[in-house]
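This one's a predicted model, so the numbers in the text were calculated from it and none came from an experiment.
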Amino acid sequence: MSRKKARIGAMQALFSMDINKDFSLDSLNLFMENNHFLGDEVDYINRVVPDILKNLETVDETIEKNLKGWTMARLAKVDRQILRIAVYEFLFKDDIPPEVSINEAVDIARQYSSDDAPKFINGILGTIYRSF
């Protein structure tokens, strides 16, 4: 399994849900039906996205209190999803080193977001990581 591809899939699923303002499992299922992922990637996305949604309030509060001069609503939708996945991993996935979550988030931002996003995301995640 490509964990990076699985994280990208999770980000895309969350992005789709955010755009459509539909954070239901039906929305996730529709996303999965219309995209191609390999077995372990499907398992990761189907396990992680519902868990992020279940813990969304905690994840978003953690991000929000570390944003300086920003709000969650002001963040680019792509950046918001990238941060949600990384912070979820910080808070709920003991088997993933935080440095890996940060590195993956920065790489995904480099690929899918603006030129300034990798530095911005690295800064926020670094601040959150240091607060633990």
Steps toward side chain to side chain contact (heavy atoms under 4.5 Å, CB included) verdict (Gln111, Ile8) = CA-CA 10 Å; Gln111 186 175 354; Ile8 289 168; 3.8 Å; yes
Does Tyr88 reach the side chain of Thr58, with side-chain heavy atoms less than 4.5 Å apart?
-> no
Can you tell me if NZ on Lys119 sees more than 12 non-hydrogen neighbours from other groups inside 6.0 Å?
-> no
pair Ile128-Lys65: side-chain heavy atoms closer than 4.5 Å | no
Inspect the surroundings of CG in Asn34 and state if more than 12 heavy atoms from other residues, nucleotides or ligands are less than 6.0 Å away.
-> yes
Would you mind reporting whether Arg47 and Asp51 have side-chain heavy atoms less than 4.5 Å apart?
-> no
Relative to each other, are the rings of Phe90 and Phe132 parallel, tilted or perpendicular (30° and 60° limits)?
-> perpendicular
Asn66/Thr127 under side-chain hydrogen bond (donor to acceptor under 3.5 Å, both in side chains): CA gap, chis, key distance, verdict | CA-CA 7 Å; Asn66 288 282; Thr127 299; 5.6 Å; no
Between the CD atom in Glu104 and the CD1 atom in Ile121, the distance rounded to the nearest 0.5 Å is 13.0 Å
Determine whether Leu125 and Leu91 fall in the same hydrophobic cluster, where Ile, Leu, Val, Met, Phe, Trp and Tyr are linked whenever their side-chain heavy atoms lie under 4.5 Å apart.
-> yes
Count the heavy atoms belonging to other residues, nucleotides or ligands that lie under 6.0 Å from CD of Glu99, then report whether that count exceeds 12.
-> yes
Check the hydrophobic clustering (I, L, V, M, F, W, Y; side-chain heavy atoms under 4.5 Å; chains of links allowed) and say if Trp70 and Leu83 are grouped together.
-> yes
Which residues share a side chain to side chain contact (heavy atoms under 4.5 Å, CB included) with Lys5, sequence neighbours left out = Ser2, Phe37, Glu41
Which value, rounded to the nearest 0.5 Å, describes the distance between Gln12 atom CD and Asn35 atom CG?
-> 6.5 Å
With no hydrogens and no angle check, is any side-chain donor or acceptor of Gln81 less than 3.5 Å from a backbone partner on Lys77?
-> yes
How far does CG of Asp18 sit from CG of Leu75, to the nearest 0.5 angstrom?
-> 10.5 Å
Work out which heavy atom in Ile85 is nearest to a heavy atom in Leu14; give both atom names and the distance.
-> CG1-CD1, 3.9 Å
Can you name the nearest heavy-atom pair linking Ile124 to Leu67, along with the distance?
-> CD1-CD2, 3.3 Å
Under 3.5 Å: donor-acceptor pair, side chain of Arg80, backbone of Met72 = yes
Check whether any side-chain heavy atom of Ile96 sits under 4.5 Å from a side-chain heavy atom of Arg3, and report yes or no.
-> yes
Please name the pair of heavy atoms, one in Met32 and one in Ile45, separated by the smallest distance, quoted to 0.1 Å.
-> SD-CG2, 3.5 Å
So, the side chain of Arg130 versus the backbone of Gly126: is there a donor-acceptor pair under 3.5 Å, distance only?
-> yes
Would you say the side-chain atoms of Arg7 pair up with the backbone N or O of Ile108, donor to acceptor, closer than 3.5 Å?
-> no
Identify whether Phe92 and Leu56 are in the same connected component of the hydrophobic contact network (ILVMFWY, side-chain heavy atoms under 4.5 Å).
-> yes
Donor-acceptor contacts under 3.5 Å from residues 19-30 side chains, at least two apart:
unit_1 : atom_1 : unit_2 : atom_2 : d
Asn20  : ND2    : Ser16  : O      : 2.9
Asp22  : OD1    : Ser24  : N      : 3.1
Asp22  : OD1    : Ser24  : OG     : 2.7
Ser24  : OG     : Asp26  : N      : 3.4
Ser24  : OG     : Ser27  : N      : 3.1
Ser27  : OG     : Asp22  : O      : 3.3
Asn29  : ND2    : Leu25  : O      : 3.2

Check Ala117 against Asp79 and note the closest heavy-atom contact, atom names and distance.
-> CB-OD1, 3.6 Å
Hey, is the main chain of Pro118 close enough, under 3.5 Å, to the side chain of Asn122 for a donor-acceptor pair?
-> no
